[in-house]
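Everything numeric here is computed off the predicted structure, so don't read it as measured data.
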Amino acid sequence: MLKDLQHRFLAQILGDKEQNFQQKIVKQGEISNDFRLQIYSNAYHSRLRECIETDHEVLGIYLGDDWFEQMVRGYIQKNPSNYTSLRHFADKLPEYLRLNEPFSDHPLIHELALFERTLLAAFDAKDTTAANREDLIALPPDRWPGLIMKLHPSARIMTTRYNTIEIWQALKMHIAGQDVDIPHAIETVETDWLIWRNQDRLTEFKSLNQAEHSLVSTLLAEQPFAEVCQLMATYYPPADLEVQILDHIYDLLDKQLIEFG
Amino acid sequence: MKRKFLGFGLGLRTQHYEYILNHNPEVDWFEILSENYMVAGGKPMYYLDAMIERYPLVMHGVSMSIGSTDKLNMDYLKQLKKLMKRVKPQWISDHMCWTSAKQVNSHDLLPLPYNDETITHLVSRIKQVQNYLEQTILLENVSSYLTYKDSEMTEWEFLNEITRESGCSLLLDINNIYVSSRNHGFNAKSFIDGIDPNSVQQFHLAGHSDFGTHVIDTHDHDVCSDVWELYAHALDRFGAISTMIERDDNIPEFPELLAEMNQAKAIATKKGISFDNNTQSQHGHA
Ligand SMILES: [Fe+2]
């Protein structure tokens, strides 16, 4: 009985009008049973809309009210929450935008949503104790080749094919009340970005050149330092190699992005 | 039954982290939202640790879904227990409701029918949870917008049965009593007078949106005069009960919430209830 009542009520809240749940309710006061049920389905939809709006402030502005509403309705319909926390409710939003029209016709929308979710993931990723330059120098040389330098758990790579980050930055300035022109969407060369959380617990990002991208990917894969050096040898002449590698590693150490495994 | 009186508190909201750390406001305790700290690290955990050092905390959750006919969510309870180890809260609470069915989460506090079937179901689940968490829990009465035909008793009779049989305590939300009384046409004071005085461990106070024909529990306004009056009535019946203000939307600057908390304190002081922060002693006349 209780089970049936809960299944029918939740189905009604999610939008299944066949449930006739009105019949399960006592008629009271001046408002109808339909209206009472509507209070619950409105609360359901507005809570989830608000969650998406908070997580994806920039995307919301980029889409404009109509498309945002259409996305929210479509996403809620397709992805009822299985999470205990709303923190993860919109995790599948970038994928939804990649696969569903009209959003899928504009790949930049997917990239924008993915960028915002990657920032969110970096924001509350695990804390670790970072190593610094002195820690590295203090290591006996025979330990270097086998050394595994783990990247901070907040660090992740994202690749863009459009001027997504430029648009994101302009929209952020617009939100902050600055007078900026929002660039038009254009296809660009593939760009790799490193996204991480800094010492002040704020998220940051920077573009990576090919050597940096290889380096970061190798570290993310938890490969030993000898592997890293071998890979870097494909980017730099032997005379420069050591200095270049140390430059890159120092840069990551200074950003407190490395932990010795 | 001897219950701990923590004094007068506020709900911890992210907007106020910096203010609280910089000003150390005179708040006896804070209530944190458990789900906000079920993340791995970063700012939420940094501020949580800072609060743990400075104030007594209680943990308040929304996802236990204690009344659901789905299996108990052990993943959630595991996370909750882990967080309890870190926070060492004065106590933990959730709601006398269900939030999910067939593993779909409504993210809402949905009402239960008040009858024997529900009581049996709830009592066994509360006992399981209390066993697992190795402590008794508090459950809060929710605002509701409908009455099931399946209900066979009043909400307060229902709550009394649950607390008596399961050993859990009540987090009595005074505003929720008011909201439900308006939506179902019962007397809010009868609710308070009907509750077992030994079962209450904490009060919530909050604001709502009044639409005339019905009232919605929005937590986006100040506490209204009718709810203050009910609070005074509840103090008469229950004595010194840890009280806090909940604000979840349209959140004002911290001093404004502090002023509202002090309003609760002033009402209690008039009733001879005070909390001495230095000696942790408590005085009540109930
Ligand atoms: Fe409450």
Residue [X] versus chain B: region with a heavy atom under 4.5 Å:
X	value
A:Gln28	side chain
A:Ile13	side chain
A:Ile31	side chain
A:Asn33	neither
A:Ala125	backbone
A:Leu10	both

Are side-chain heavy atoms of A:Leu5 and B:Pro113 found at a separation under 4.5 Å?
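Yes, side chains in contact.
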Note, A:Trp196 side chain near A:Thr203 side chain (heavy atom, < 4.5 Å):
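A side-chain contact is absent here, since even the closest heavy-atom pair is not under 4.5 Å.
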Taking atom NZ as the centre, does B:Lys149 end up with more than 12 heavy-atom neighbours from other residues, nucleotides or ligands that are less than 6.0 angstrom away?
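Yes.
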For A:Gln199, I'd like to know if atom CD has over 12 heavy atoms of other residues, nucleotides or ligands within 6.0 Å.
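More than 12 within 6.0 Å, yes.
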Would you mind checking which part of [X] comes under 4.5 Å of any heavy atom in chain A, side chain (CB onward), backbone (N, CA, C, O), both or neither?
X	answer
B:Asn73	side chain
B:Ser65	neither
B:Ser144	both
B:Tyr145	both
B:Asp217	neither

Compute the ring centroids of [X] and [Y], then answer whether they are less than 6.0 Å apart.
X	Y	answer
B:Tyr114	B:Tyr148	no
B:His16	B:Tyr19	no
B:His107	A:Tyr83	no
A:Tyr75	A:Phe89	yes

Closer than 4.0 angstrom, basic N to acidic O: yes or no for A:Asp251 and A:Lys206?
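Salt bridge between A:Asp251 and A:Lys206, a charged N being under 4.0 Å from a carboxylate O: yes.
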When you compare the side chains of B:His208 and B:Asp210, does any donor N or O come within less than 3.5 Å of an acceptor on the partner?
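No donor-acceptor contact under 3.5 Å links the two side chains.
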We want to know whether A:Thr160 and A:Glu111 form a side-chain donor-acceptor pair, criterion being a heavy-atom distance below 3.5 angstrom.
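No.
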Under 4.5 Å, counting heavy-atom pairs only, tell me which of [options] racks up the most with chain B.
options	result
A:Phe9, A:Phe21, A:Tyr40	A:Tyr40
A:Thr128, A:Asp127, A:Asp200	A:Asp127
A:Lys3, A:Arg47, A:Arg87, A:Lys126	A:Arg47
A:Leu37, A:Thr84, A:Leu202	A:Thr84
A:Lys24, A:Glu30, A:Gln23	A:Lys24

Under 4.5 Å, counting heavy-atom pairs only, tell me which of [options] racks up the most with chain A.
options	answer
B:Asp70, B:Val62, B:Asp108	B:Asp108
B:Leu112, B:Thr118, B:Leu146, B:Asp75	B:Leu146
B:Ser106, B:Gly185, B:Ser151, B:Gly212	B:Ser106
B:Glu117, B:Gln103, B:Met45, B:Glu35	B:Glu117
B:His121, B:Lys102, B:Met64	B:Lys102

Check the orientation of A:Trp168 and A:Phe115. Use parallel for under 30°, tilted for 30 to 60°, and perpendicular for over 60°.
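Perpendicular.
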Applying side-chain contact (heavy atoms from CB on, under 4.5 Å) between B:Asp94 and each of B:Leu139, B:Leu171, B:Leu80, B:Ile66, report the one that passes.
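Running side-chain contact (heavy atoms from CB on, under 4.5 Å) over B:Leu139, B:Leu171, B:Leu80, B:Ile66 with B:Asp94 returns exactly one hit, B:Leu139.
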